[in-house]
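Per chain, numbering begins at 1; letters A, B, ... match sequence-line order. Note that the structure is predicted; figures quoted are calculated from it, not measured.
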Number of protein chains: 4
Amino acid sequence: MSHNTFGRLFRVTTWGESHGPALGAVVDGCPPGIALSEADIQPWLDRRRPGQSRHTTQRREADAVEILSGVFEGRTTGTPIQLVIRNTDQRSRDYAEIAESFRPGHADITYWQKYGRRDPRGGGRASARETAARVAAGGVARAVLGALAPGLSITGYLVQMGPHRIDRARFDLAEIGRNPFWVPDARAATDWADYLDGLRKSGDSVGAVIELVARGVPAGLGAPIYAKLDADLAAACMSINAVKAVEIGEGLAAAALTGSANADEIAMGPDGPVYASNHAGGILGGIATGQDVVVRFAVKPTSSILTPRRTVTRTGSDTEIVTKGRHDPCVGIRAVPVGEAMLACVLLDHLLLDRAQTGGVRGRIGHAEAQ
Amino acid sequence: MSHNTFGRLFRVTTWGESHGPALGAVVDGCPPGIALSEADIQPWLDRRRPGQSRHTTQRREADAVEILSGVFEGRTTGTPIQLVIRNTDQRSRDYAEIAESFRPGHADITYWQKYGRRDPRGGGRASARETAARVAAGGVARAVLGALAPGLSITGYLVQMGPHRIDRARFDLAEIGRNPFWVPDARAATDWADYLDGLRKSGDSVGAVIELVARGVPAGLGAPIYAKLDADLAAACMSINAVKAVEIGEGLAAAALTGSANADEIAMGPDGPVYASNHAGGILGGIATGQDVVVRFAVKPTSSILTPRRTVTRTGSDTEIVTKGRHDPCVGIRAVPVGEAMLACVLLDHLLLDRAQTGGVRGRIGHAEAQ
Amino acid sequence: MSHNTFGRLFRVTTWGESHGPALGAVVDGCPPGIALSEADIQPWLDRRRPGQSRHTTQRREADAVEILSGVFEGRTTGTPIQLVIRNTDQRSRDYAEIAESFRPGHADITYWQKYGRRDPRGGGRASARETAARVAAGGVARAVLGALAPGLSITGYLVQMGPHRIDRARFDLAEIGRNPFWVPDARAATDWADYLDGLRKSGDSVGAVIELVARGVPAGLGAPIYAKLDADLAAACMSINAVKAVEIGEGLAAAALTGSANADEIAMGPDGPVYASNHAGGILGGIATGQDVVVRFAVKPTSSILTPRRTVTRTGSDTEIVTKGRHDPCVGIRAVPVGEAMLACVLLDHLLLDRAQTGGVRGRIGHAEAQ
Amino acid sequence: MSHNTFGRLFRVTTWGESHGPALGAVVDGCPPGIALSEADIQPWLDRRRPGQSRHTTQRREADAVEILSGVFEGRTTGTPIQLVIRNTDQRSRDYAEIAESFRPGHADITYWQKYGRRDPRGGGRASARETAARVAAGGVARAVLGALAPGLSITGYLVQMGPHRIDRARFDLAEIGRNPFWVPDARAATDWADYLDGLRKSGDSVGAVIELVARGVPAGLGAPIYAKLDADLAAACMSINAVKAVEIGEGLAAAALTGSANADEIAMGPDGPVYASNHAGGILGGIATGQDVVVRFAVKPTSSILTPRRTVTRTGSDTEIVTKGRHDPCVGIRAVPVGEAMLACVLLDHLLLDRAQTGGVRGRIGHAEAQ
C-alpha cells in the first residue's frame, strides 16, 4: 500500500476529488478472461450511492461507472482496468466557509498542514466520496473471486449505531437488505430509524460498528509476519474514512479470555478439520483456517455537523464553525459496501499471492488435502 | 509490507526461526551519519528478553544483538544494517508432541496447510521470538528518530490484563518501569501479580491490551488514503503475534459518540493550533495533527497451555493436546516493547516519506508554520 | 515497477488501449504546490503526436491531455493526478487480419499466449500509443523538476537511423528542433529523409538509436545496488516499446577500454570536483557524479510492415501477413520525447528518494559541499 | 527493486561490506517444499570465488555459504532464507590511501557525496564482493526453477574481452568450463590469457561482454509495460557492478536492421509455433516467446589499477592515485556467474508472477496449448 494504491498483485490505485470532474480507480494485475462489464460493478455502487433514504446525504449522484480500458469483448484482458465515475452534483457554493476554517475532527487541518494547500470543496481528496472508487474496484474483485473461488461469499452489516447494538439473538441475514441500515435485526432497524431522525434534527451525527464476514475463504490464504491476512485487513479497514478501530474474530474481547476459553478446539470431519468455535475469526498466524473470516471496524461520527464547534481559521483566528451542506448523520451506514469491497480486494490479492508461492497446493491432514 | 518485510523507505526484513541457529533483521534505507552501536539497541532487547520475572517464559536467552553491516566507525553509512541475534537456549525435545498435533488457536495448522511443511520446534517462524528482530530494528529506528525528530518520545504500557483494567485515575507513567507488567498503576501491578500466579498454577493463560503513545510527532506525518499513518499502524500492530484488535484514539468507543462530543475543538495557541481534547488519537485523515498519537492493541491469550484441548493430528486422528515447554502465561507483557518498536519504525518511515514528498515544509496557520 | 506502474515515490500508473475510448496515467506522490496545468504538459505531447511529418504514422490524434484530479487553483495538491487522453481516430477496420494472425516481431503472439485473449485493435495495450501516457506523466515530472532542481535540463535526439549514424563533428543541439527526426546534425537530417522515403515506398521499416542527456543532475542522486540510477534508467528505457538495448556513458564500448583510458580523472575546481572526461555517463556506483547523465537506447524496426512475412494463425495454420494501417516506418523518431519523459520521471523519483534518506545533505569535498 | 532488494515475489535483499565480518542475502517468498542445502548453493559460489586462476584477484576467500533460516529437514519452508558468507581475508591495511582520495571511475566519490561517509575498506558496500550474495541467492533460484520449470537451463559466458571478440564460428559450449574465462572458444581462451597477462604486468585492466542464455523459458513469462521481462533483466544486469550496457537479442544491432530482416518468421510445428530466427532474443512485448532468452551486458574495466591517475582528496587537494591491493584485471570474468544468478532470480520471479495472474494457463495456438 503506497499513498493512493493498495494491494500487492491485485493493485488498486484510486484518484479524484469530491468536487472535481470525476473520480475513479485503476485496477492492475487482474487475471485475464474474467467476464466483466459495467453491469457487474454498478449494483455494488448502487448500494453505496447517496440519497437512497432520508438517513444518508441528500447529494444526488448517479455514481454510474464506466470502464475505459482492460476489457475486450466482455472479458478482462489482464491489462489495467480504468473505472471512472463522473461527479454530477457538486454544489461547491456550500463550501465557502470551510475553505477558511478547519472542521474539528476533520482532515481539513492536516491536509493543510502537510501540503500547504487543499481542495476544500466537499473535502477534496479526503472526502468519503473516494470510497466510491473502492466499491467499483471491489466489484471487479468480486467478479474475479466468483471465477477463482466460487464458494466464497462476502457479507457486511451494521452491528452498532451510536450506543445501540444489535441483539445477536435476533440475528437474521435476510433482514440486511430490507432496511436502510444494512442491519440484520428487524427491531434494531426500526429503533435506529427513530434514533437517527432525532440526531439529524438536533444537527448532530453518530458513529457505528460494521461487521464483515467472508465465507468459503480457502484455508491457507494469507502470509506470515508482515503480509498477514489480518494485518492487511486491518490496514484496508483503517484506510477507510473515519475508521478508528479494527477487530478480527473476538477482537478486543480476546484480551479478557483465558487460553483455554479462547482455543477453538478441532475435530476431524469428513472433509478435513472442523472447529468447535471461531474465536480466531478464521485467521491463525496471519493465515486463513477455512472458517469464516470475521472482521469488525468502528466508524467515528462525521465531523461535518450543524452543531457549532470552536476552531481556528487559516489566518490564525479563533472562530466557531457549523457545517452546512449535505452530510450523512451516520457515515457508518454507507461504510458497509465499502468494507465489503475492501475485504474482496484483500482476499483476491491474497489468493493471487498464495497461488504464486504455493501453486495452491495444500498440506494434507489425514487423507484429505485441506480445502 | 510484503511477506517478511515492512516499511516503504525505512524497510525492515526479518528472518529466522525460534530454534534455528539465529534470527535477525536487515534494516534498509536508514539515513546515513546516525550514531549507532549495539549499545543503542541492546537495552530495548533487554526489555523484551524472556525470563526476567516469574511472569514470563523461563527460556534463558541473552538476546545479544550483533551488527554485521551498515555501520562504520560508529555511524550508519546508509547501507543495509544486518542485526543478528543468536539462539542459545533451544530445547527442541519439548516439541516432539506438537510436531504431530496442532495446538488449537495456534498457527501450527495454518502453516501446515499453506506450506505442506513447517518447523515445529518452538513454533518455528510463527514463534513470538520473531519479535526480537522487530525490537532490534526498532532500536535503530529510535536512534534515527533521536537525530531527526529530537522531541519525539514513545511509551508503551499495559492497560488491561484479562478482565482487569487499570484505573486511569491512578495513571502514573513513573510506575511503568517499576513492575514486571509495564503497567502505569501501582495497585494494578500488585493485583495482577496475584492473578497471573493463579493462572499459571492452573495451567492457563490470558490476554491483554497494550497502549502506545508517541509524543512530539510532527504535524503532517502520514499520507492520504492507503498509506494513512493509522492504516500503517493498524497493519504494524496486527502483524504482531496474537494481536486481534487495533484502536486509534477513542477506537471502538468512537462508534458510540456523537459528532459534537467527538470533535476535538481547536483554539489558537502561541505556537499554532491547540486542541481541547484528543478523541482522534493524534491522527485526522491519516495525517498527524501534532497531538499525541495514541494506539492500543489487544493480544489474545497464548494457545500454548497446560490445560488439555481437543485437536487433530497430522494424520487425521482426533486427540488431546497439552503444551509443555516454557511459555508466557500472558504474552501481552512482552508485547509492550514490541509495540513500541513497531511504532518507532512506522513513524520513521513516515518521516522519510513526508520528507520526500513535501521536503518537510508545512502549511502555515496564522503567522506560525505549524510544527 | 510493477506491471503497469513505475517509480517508487513519484509513481506513474498508465492504462488504456490503442483503440479504446481513452488512455492515460495516474501520477501519484507528486509534491504539492507545483504550478501545473494542461498547458505545461501539452507541448511534450505535441512533440510525440503522430502525423506531424510524412515520416510518422498518419493517424490523426489531437492527443489533448485533460487533468481530472490532483490540481486545484493551478497547483498540485499532493494527491493523485489523473491525466486522460481521448482516442479520436481509431479505424479498427484496419485490424481484421491481425486479429487472426500474429505479426512476426510483434507482441501479438505473446499477449495471446500469456492471457488467452487480447485486444487486437491497433495492438491494444501493446501499442506504442501507451507511450503518450508516459509523455504526459513526464510533463508533470518536468514541472516538478523545474521547481526542485531548477538547473536540470533534459534533451533527447536521434544519433542513428538504420545503418546511418550522425557525425559527432557536426553535432549541433540547435538542429534538433529544425528537422522531423530530432537529429542534431543538419546533413543527417537531409540524408535520412531520403533514406526513409525509400524505405516507406518499399513497405519496410528501420530501427534507430536515441541519446538522452540530463544536465545539472545533482551529485548524489541514485541509490546503491538494486535501485541504482543506471539500473532504473535501464529498466525505464527497456520498458519502452521496441527497445532492445540500453547504454550508459561509454556503454558497450566500455568493454574495449582499459582501466587507465576509462578513468575519468578528477581535479579540484572552484565549486567542487571537475572531471576530465565522462566515460561514466555521469553515474558511478549507481549514484550521479554531477556530470551529464548520458543514456542511449536502441529501438528495433516496427514489425507492422507492408512486406509479407510468414506466420501462423490462431488456429494453427501457416500463412503470410502484411500489415496495412498507418504505421511509423521508424518508431525510433517518436521514441525521443518518450525517452525524455522516462528520464524525467526517473530523475524526479530519485530526487525524492534521496531527499527522504539524506535530506539532500551532501558529503563535502574540500571546503565546498559537493553540489 | 528498492535500494538493496530486488524482485517482486522472489525477493532478495543483500547486505554486507567487503571488509565487514560477513555479507549475505535474505531470500523471501521462496516456494515451500524445495530440496535445498548449502551443497546446492556452494558450487555456484565456487565459480565466482576469487583466486582460482592468476587472472582474478588473489584475495583468498572460501566463500562458504551458511543457511541460517528457512530450511527444515532439507526442504524450504516458505519462510525467509538467510544466507551468510563470512569474510575471512580482509587486509584492510591496503586501503589507507583510498580512504583519503577517490579512485577515478569508482563509486568512492559518489558514496561520499551522497552519504557524507563511507566504509573505504575494499570499497565497502560498493565492492563487487556484494555479488557473492547474489550468486548465493541465484543458487536458491536455480533450485526452485529445477522443481517448477525442469526444462529450463541458464548458461553464461564471455563473448568479448577488451577489443577481442570470440569467433562465433568456433562457438562451443563445452569449452566454457575448460578455461578460466568462461569463453566458448578455445582459441580465444589461449589468446586472452596472453593478453591479460600483458595487461596485468602493465598495471592496467580491461572490460568485457558477457552473454547469458536461458533455454526452456516457458512462453508467457513476463508482464506488460513496466514489468516487462526484458526491462527487469535490464535492471538486474545494470545493477551489477561496473555494467554499462545491456542488450536483448540483436540489441544495439537491431537499430540497423529493417523490419523485414528483423521479423522472426513463424511456422506451425508439432508442439506449437516455431521461429525461423531469434532476433528478438526470446522476448516480444516484454513477454517470453518460448525461444532462448538471450541477454548481453558490457562490463567496464575495473578502476582499481596500478597506473597512476589524477584525482582529488577529501579535503580538496589535487593528487595522484595508484590502487594497490588485489584486484581483478578483468572483472568481467567473475561477472559470468553473477549474471547467471541474476537471470535465474528474474526468471523465477516472473514464473511466480505469471502463476499468480494467469495460473499458468496459456492461450492456445492450433490444437496445442502453447508451452
Side-chain angles (χ1 to χ4, degrees), chain C residues 1 3-4 6 104-105 107 110 112-114 116 126 160 163 204-207 209 219-220 223 225-228 230-231 234-235 238-239 244-245 247-248 251-252 254-256 258-260 262-268 284-285 287 298 300-301 305 307 309-312 316 318 362-363 366 370, chain D residues 1 3-4 6 104-105 107 110 112-114 116 126 160 163 204-207 209 219-220 223 225-228 230-231 234-235 238-239 244-245 247-248 251-252 254-256 258-260 262-263 265-268 273 284-285 287 298 300-301 305 307 309-312 316 318 362-363 366 370:
Chain C
M1 308 233 289
H3 293 85
N4 294 280
F6 72 93
T110 51
W112 173 257
Q113 287 176 306
K114 183 175 190 79
Q160 183 181 339
D204 215 334
S205 64
V206 79
V209 177
I225 315 298
Y226 305 115
K228 284 185 165 115
D230 35 1
M238 197 66 93
S239 77
K244 300 303 282 185
E247 299 187 302
I248 306 292
L252 269 181
T258 59
S260 52
N262 187 61
D264 298 315
E265 293 187 306
I266 318 174
M268 200 60 197
L284 289 173
I287 300 170
K300 70 177 184 182
I305 51 176
T307 311
R309 296 285 92 186
R310 281 174 299 153
T311 189
V312 296
D318 289 327
R362 291 288 164 260
Chain D
M1 309 232 289
H3 293 83
N4 294 279
F6 72 92
T110 51
W112 173 259
Q113 287 177 305
K114 183 176 190 76
Q160 183 179 338
D204 215 334
S205 64
V206 78
V209 178
I225 315 299
Y226 305 115
K228 284 185 165 117
D230 35 2
M238 197 67 93
S239 77
K244 301 304 282 186
E247 299 188 302
I248 306 291
L252 268 181
T258 59
S260 52
N262 186 61
E265 293 187 307
I266 317 174
M268 201 61 196
L284 289 173
I287 299 170
K300 69 176 184 183
I305 53 177
T307 311
R309 297 285 93 185
R310 281 174 297 154
T311 188
V312 296
D318 289 326
R362 290 289 165 258

Can you check whether L252(C) reaches E247(D) side chain to side chain, under 4.5 Å on heavy atoms?
-> yes

Most contact-rich option vs chain C, by heavy-atom pairs under 4.5 angstrom, among G259(D), A107(D), A298(D), is G259(D)

Any residue meeting side chain to side chain contact (heavy atoms under 4.5 Å, CB included) with S205(C), in chain and number order, not counting sequence neighbours | P301(C), T302(C), I305(C)

Sidechain-backbone polar pair: D318(D) side chain, M268(C) backbone, donor-acceptor under 3.5 Å | yes

What one should report as the nearest heavy-atom pair of M238(D) and K228(C) is O-CD, 4.1 Å

Looking only at R309(C), K300(C), Q160(C), the option with the highest number of non-hydrogen pairs under 4.5 Å against chain D is R309(C)

Counting heavy-atom pairs under 4.5 Å to chain C, which of D230(D), L284(D), V206(D) comes out on top?
-> L284(D)

Looking at V209(D), V312(D), N262(D), I225(D), which makes the most heavy-atom pairs under 4.5 Å with chain C?
-> I225(D)

Contact summary for R362(C) and K114(D), nearest pair of heavy atoms | NH1-O, 3.6 Å

So what's closer than 4.5 Å to chain C heavy atoms on A126(D): side chain, backbone, both or neither?
-> neither

Quick one: CD on Q113(C) to CD1 on I287(D), what's the gap to the nearest 0.5 Å?
-> 9.0 Å

Side chain, backbone, both or neither: which part of T311(C) has a heavy atom under 4.5 Å from chain D?
-> both

Among A263(D), G105(D), A256(D), who wins on heavy-atom pairs under 4.5 Å with chain C?
-> A256(D)

Select, from G116(D), P104(D), G285(D), P163(D), the one with the greatest count of heavy-atom pairs under 4.5 Å involving chain C.
-> P104(D)

In chain order, what residues pass the side chain to side chain donor-acceptor pair (under 3.5 Å) check against T258(D), with sequence neighbours excluded?
-> S260(D)

